[in-house]
Structures are given as C-alpha cells and as structure tokens.
Amino acid sequence: VGIRTNNSRVLPREQWIVVENTHEAIISEEKFQAAAASLASRIKTVNRNTSGNRAGNLFVCGYCGRKLQKAPAIDTHQNKAECAAIHESLEVLQDKTLSVVQAIARILLDKSKFVKKYDVTEQAQLERLIADMERKRRQIANGKSSLYEEYRNGHISRERFIKIQSDNKAEDERLQQKIAEKNVLLNECIQKQKALTLAGQDAERIQALTEYRPEVISRLIDKVRVFEGGRIEIGLKSKYLTDIIGECIP
C-alpha cells in the first residue's frame, strides 16, 4: 500500500500487471488449461457435495452445533454417539425446513401487525416522556438566575439558597439519567420497528417460495438444528423475532 510500509492488500485480478512468456514453460498451455478446468470442476463438486462452513448451508448438528457433512444420499455428522445417529435425507430436510419456515413467516406477518401497532404507541409515549423531562431540565436551568436574584435581594436566606440549589442539581441529575434510560428504550423501539419492517418483507418473499432457497430463508433463519429421527429446530436470526415468535420453533 506504500513504499514506507510492509502492509499489503490483494488487488482484483483485472488490476494485475501480467507479462506473458517471460519464462520457458514447464508444461504446454493446453495441459495447463485442461488441469485448471479439471481443478475448478472438482472444487465445485466438492463444495456442492460437502457442506463445510458454506453460508448456504443452514443445517447444523442439534447436539454439538457443527455443520452437517453431506454423505451420499444422507446428511451425517460423525462425532459423538448422538451425532453419529443423525442420518437424514437432504431433500427431506430441505422440504421440511421450507414448510416450517413458511409457517413461521405466516405467524410473523400476523403478529407483527399487532406488535408494530403497540410499538408505535409505546414510541409516542416515550417521546412525550422525554420531551416533558427535557422541559423540566430547561426550567431548572432558566430558574438559576431568578433564584440568585432572590438571594442577592435578600428575599431568601443563604441556607435556603444553598438548599434549593442542591435540590435543583439533584433533580436535574435524576432527570438526565431518566432521559438516558428512556432514550435507550426509544432507540430499541425504533430499531425494532425497522427490523419488523424488513422481516415482514422477507416473510412475504419466503411465503412465495416454491422450492428450498437458503439465500432467501437465511434472511430470517440463523440455523436449522437437526436431531435424530428428523426432528429439527429453527433458530431465528433476530432477537426481535424471537420476542414475537419464540427462540426456536420445533
């Protein structure tokens, strides 16, 4: 990245400077291209037939949490005795997951309407409370000069002046703390509204699916835990969704 640093970064291939034929070839260009094509094909096959940690694979072992490894015609994860008992057809898991996730999407769409309506009311109440407390803080700040004038003109004693000042300072600090707390709740409410809006859009896309599409499903679902006998648990991606539907759907 510069002449005075050892840091480096990878450039896109289109920005590489390539000088052809500067060295004598060990193998012919035809053999090299054939080997490269064979390697690319083999890597693609491996990625398609073993799940590894690929983002598109949502299935994990329900006992140890590791990604399921695909074997011919079945998904299996040989680890502990419980893990070794998992032998499920990938197609069956995909069909079952799609069915459950679409049911979750329907529940989310139904419940989110009521939750959003409640949150809008809660948000308005929080905004009013914060505005009221901010107004009280301004009143305390504006009253400092008039309090001092009363003390200077002898209308109140020094002890009374100090007492009122101390009470006002304590009240201002209390209001400031309350405002901070309410702002946290208000921000959570706003973020929840945004999350619900996006989740509703994702739920509509999921309901429209006619086949298992992990890139779409994963917008709502974090993982699918698989247990012996084909039992699955759906882990939701957002904490706001777990509040509405539940942490997992068996």
Side-chain angles (χ1 to χ4, degrees), residues 1-2 4-7 9 55 60 65 101 104-206 217-223 225 233-250:
V1 297
R4 293 184 178 86
T5 176
N6 292 326
N7 296 331
R9 63 186 175 88
V60 301
V101 172
I104 292 174
R106 287 193 296 272
I107 295 172
L108 175 62
L109 287 173
D110 291 339
K111 288 191 173 183
S112 63
K113 296 176 183 177
F114 299 99
V115 174
K116 288 174 70 174
K117 184 177 180 180
Y118 171 79
D119 285 344
V120 167
T121 304
E122 183 184 12
Q123 180 177 337
Q125 291 175 345
L126 288 170
E127 289 172 345
R128 284 196 297 270
L129 284 173
I130 292 171
D132 289 341
M133 289 186 288
E134 291 284 8
R135 185 173 61 254
K136 290 178 181 178
R137 289 195 67 204
R138 288 194 297 270
Q139 290 174 351
I140 292 173
N142 294 335
K144 288 181 178 180
S145 58
S146 59
L147 177 64
Y148 179 73
E149 286 297 324
E150 288 188 29
Y151 166 65
R152 191 177 67 171
N153 293 332
H155 296 156
I156 58 175
S157 65
R158 176 180 174 80
E159 291 75 14
R160 178 64 177 165
F161 172 71
I162 294 174
K163 178 67 167 56
I164 295 175
Q165 271 192 326
S166 177
D167 291 345
N168 286 345
K169 181 180 179 182
E171 177 64 11
D172 184 66
E173 290 176 351
R174 187 189 70 82
L175 289 171
Q176 192 172 0
Q177 181 180 355
K178 285 292 184 182
I179 289 171
E181 293 172 358
K182 297 301 181 184
N183 272 322
V184 170
L185 295 176
L186 178 61
N187 184 62
E188 289 180 355
C189 192
I190 293 172
Q191 294 302 320
K192 187 176 181 180
Q193 285 283 340
K194 291 180 180 179
L196 282 175
T197 299
L198 293 175
Q201 295 171 357
D202 295 332
E204 290 177 349
R205 295 190 190 100
I206 289 173
I217 292 173
S218 62
R219 296 181 68 87
L220 287 184
I221 302 305
D222 177 44
K223 64 185 68 172
R225 293 184 285 273
E233 289 182 352
I234 306 297
L236 301 174
K237 201 163 191 175
S238 168
K239 66 175 184 178
Y240 301 119
L241 302 183
T242 61
D243 293 338
I244 298 173
I245 301 177
E247 184 176 0
C248 62
I249 306 296

List the steps and the verdict of side chain to side chain contact (heavy atoms under 4.5 Å, CB included) for Arg106 and Leu109. CA-CA 5 Å; Arg106 287 193 296 272; Leu109 287 173; 5.9 Å; no
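The residues Lys169 and Asp172 are annotated as not salt-bridged, no charged nitrogen and carboxylate oxygen being separated by less than 4.0 angstrom. Taking 4.0 Å as the cut-off between side-chain N and carboxylate O, Lys136 and Asp132 do not count as a salt-bridged pair.
Between the side chain of Ser146 and the backbone N or O of Gly143, at least one donor-acceptor pair lies under 3.5 Å. Panel note: side chain Lys237, backbone Arg219; no donor-acceptor pair is recorded below 3.5 Å.
Atoms CD and NZ, on Glu233 and Lys223 in that order, are 11.5 Å from each other to the nearest 0.5 Å. To the nearest 0.5 Å, the span separating CD on Glu173 from CZ on Arg137 amounts to 9.5 Å. Summarising the geometry, atom CD1 belonging to Ile234 is positioned 10.5 Å from atom CG belonging to Asp222; distances are rounded to the nearest 0.5 Å. In this structure, CZ in Arg152 is found 10.5 Å from OG in Ser145, a value given to the nearest 0.5 Å. Expressed to the nearest 0.5 Å, how far CD of Gln139 lies from CG of Asn168 amounts to 11.0 Å. For the atom pair CD1 (Ile140) and CD1 (Ile164), the distance works out to 12.0 Å, reported to the nearest 0.5 Å.
No more than 12 heavy-atom neighbours from other residues, nucleotides or ligands sit within 6.0 angstrom of CZ on Arg160.
Counting all heavy atoms, side chain and backbone alike, Gln123 lies closest to Cys189 at CB-SG, 3.8 Å. Looking at every heavy atom in both residues, Ala203 comes nearest to Ala105 through O-CB, 3.6 Å. When every heavy atom of Tyr148 is checked against every heavy atom of Phe161, the shortest pair comes out as CA-CE1, 3.9 Å.
Leu186 places a side-chain heavy atom less than 4.5 Å from the side chain of Asn183. For the pair Ile206 and Leu220, the minimum side-chain heavy-atom distance is below 4.5 Å. Side-chain contact check for Ile221 versus Leu236: some heavy-atom pair is nearer than 4.5 Å. In this structure, the side chains of Lys182 and Ile179 stay at 4.5 Å or more apart for every pair of heavy atoms.
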